[in-house]
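I have placed the structure first, in the form of structure tokens, so that the comments after it can refer back to it.
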Amino acid sequence: LYSAATPNIYAVQTVTSAKAAIGLNKYVPADRSTPLNIFLQVNTSGEDNKSGLPPLSPSTANAEAGLSQLALQVIKECPRLHLQGLMTIGSLTESLSSGEKNQDFETLKQTRDALEEVLCRELPNESERWGADGRLMLSMGMSSDFEAALKAGSDVVRVGTSIFGTRPKKVAQ
């Protein structure tokens with residue numbers, strides 16, 4: 001995880017559990033000048049091969065929902081972490097679709113809005129403890145669909161494949 005070899009790491013994405021958040025919090029040095037930013041991963045496509053917590057909707061946005069619980073735990077119990085936002089790895093079908101809107105990106109935006117309502121309700125007057133300028137950031141879009149993600153309102157895109165090339169296939173052990 002986090003180590004002395006990576007003291008300048010800005011953010012960790014794909015956090016999906018309290019165990020991961022607590023582990024990160026434990027390994028961030030106490031003398032670090034700023035908390036480590038994290039993004040919670042949301043499985044907006046519902047695909048079994050994707051990690052992430054279920055998205056929220058206005059009807060499921062409450063403090064007991066899994067995503068809400070994890071967000072609240074990070075904010076309350078992980079002082080060396082800063083919940084900066086949410087991220088998703090959308091479905092390839094949506095990414096390659098020529099449709100007007102990518103449904104995975106729309107779902108993440110809806111989830112962000114619903115989670116912000118929960119956080120404001122549960123932690124009134126404490127919006128500085130999460131997000132950036134009073135909003136949770138969105139990390140959505142990769143090399144194949146970053147333009148659509150930017151049009152949809154993404155704050156962060158992940159374009160490693162465009163920079164570094166395709167990863168080698170994993171070899172089964």
Side-chain angles (χ1 to χ4, degrees), residues 1-2 9-28 34-91 93-95 99-142 145-146 148-158:
L1 290 174
Y2 187 91
I9 192 166
Y10 176 76
V12 171
Q13 298 198 26
T14 72
V15 175
T16 60
S17 69
K19 181 179 178 181
I22 291 166
L24 280 170
N25 187 68
K26 177 181 173 183
Y27 287 103
V28 172
T34 59
L36 176 63
N37 294 302
I38 66 165
F39 287 75
L40 302 181
Q41 185 172 355
V42 179
N43 185 345
T44 56
S45 67
E47 294 173 288
D48 291 337
N49 63 337
K50 301 265 172 67
S51 296
L53 296 155
L56 298 176
S57 68
S59 64
T60 62
N62 59 58
E64 290 75 40
L67 181 60
S68 301
Q69 286 181 350
L70 179 55
L72 289 165
Q73 184 172 16
V74 166
I75 294 166
K76 292 177 180 180
E77 299 174 24
C78 299
R80 296 178 186 162
L81 303 181
H82 176 76
L83 175 59
Q84 190 166 32
L86 303 176
M87 66 84 57
T88 190
I89 300 173
S91 73
T93 302
E94 279 295 316
S95 294
E100 183 65 28
K101 292 187 177 187
N102 180 312
Q103 190 55 51
D104 291 326
F105 298 162
E106 295 302 312
T107 298
L108 192 65
K109 289 179 358 185
Q110 175 183 302
T111 296
R112 185 242 350 246
D113 295 346
L115 181 58
E116 285 178 350
E117 287 183 22
V118 171
L119 296 177
C120 287
R121 191 170 48 246
E122 296 296 316
L123 302 169
N125 305 313
E126 296 187 53
S127 62
E128 75 283 349
R129 294 177 62 191
W130 50 269
D133 298 324
R135 292 281 343 224
L136 290 169
M137 295 178 72
L138 296 176
S139 175
M140 50 191 191
M142 297 190 291
D145 61 358
F146 73 92
L150 291 171
K151 286 179 186 174
S154 185
D155 299 295
V156 177
V157 292
R158 301 172 310 277

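Since we're looking at a predicted model, the values are computed, not measured.
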On a heavy-atom basis, which atom in [X] and which in [Y] lie closest, and how many Å separate them?
{"X": "L56", "Y": "A65", "answer": "CD2-CB, 3.5 Å"}
{"X": "A61", "Y": "A114", "answer": "CB-CB, 3.6 Å"}
{"X": "S51", "Y": "T16", "answer": "CB-CG2, 4.4 Å"}
{"X": "L83", "Y": "A71", "answer": "CD2-CB, 3.6 Å"}
{"X": "I22", "Y": "Q73", "answer": "CD1-NE2, 3.7 Å"}
{"X": "R129", "Y": "I75", "answer": "NH2-O, 2.7 Å"}

Side chains of [X] and [Y]: does their closest heavy-atom pair fall under 4.5 Å?
{"X": "R80", "Y": "L36", "value": "no"}
{"X": "L67", "Y": "V118", "value": "no"}
{"X": "K76", "Y": "L123", "value": "yes"}
{"X": "T88", "Y": "K50", "value": "no"}
{"X": "L24", "Y": "C78", "value": "no"}

By the definition side-chain contact (heavy atoms from CB on, under 4.5 Å), identify the one residue from T60, V42, D104, L86 that meets it with P55.
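Among T60, V42, D104, L86, the one meeting side-chain contact (heavy atoms from CB on, under 4.5 Å) with P55 is V42.
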How long is the gap from [atom1] on [X] to [atom2] on [Y], to the nearest 0.5 Å?
{"X": "H82", "Y": "F39", "atom1": "NE2", "atom2": "CZ", "value": "9.0 Å"}
{"X": "N102", "Y": "K109", "atom1": "CG", "atom2": "NZ", "value": "10.0 Å"}
{"X": "S68", "Y": "N62", "atom1": "OG", "atom2": "CG", "value": "6.0 Å"}

Whether over 12 other heavy atoms sit under 6.0 Å from N125 CG
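No - once you tally the heavy atoms of other residues, nucleotides and ligands closer than 6.0 Å, there are 12 at most.
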Using atom types as modelled and distance alone, determine if a side-chain donor or acceptor of Q69 lies under 3.5 Å from a backbone N or O of E64.
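Checked: pair present.
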Can you give each donor-acceptor pair under 3.5 Å made by side-chain atoms of residues 130-140, sequence neighbours left out, with the distance rounded to 0.1 Å?
unit_1, atom_1, unit_2, atom_2, d
R135, NE, E116, OE1, 3.1
R135, NE, E116, OE2, 3.1
R135, NH2, D113, OD1, 2.7
R135, NH2, E116, OE1, 3.0
S139, OG, Q13, OE1, 2.7
S139, OG, Q13, NE2, 3.4
S139, OG, R158, NH1, 2.7

Take L70 and S17 through the test side-chain contact (heavy atoms from CB on, under 4.5 Å) and record every step on the way to the result.
CA-CA 7 Å; L70 179 55; S17 69; 5.6 Å; no
Apply side chain to side chain donor-acceptor pair (under 3.5 Å) to the pair T107 and T44, showing each step before the final yes or no.
CA-CA 6 Å; T107 298; T44 56; 5.9 Å; no
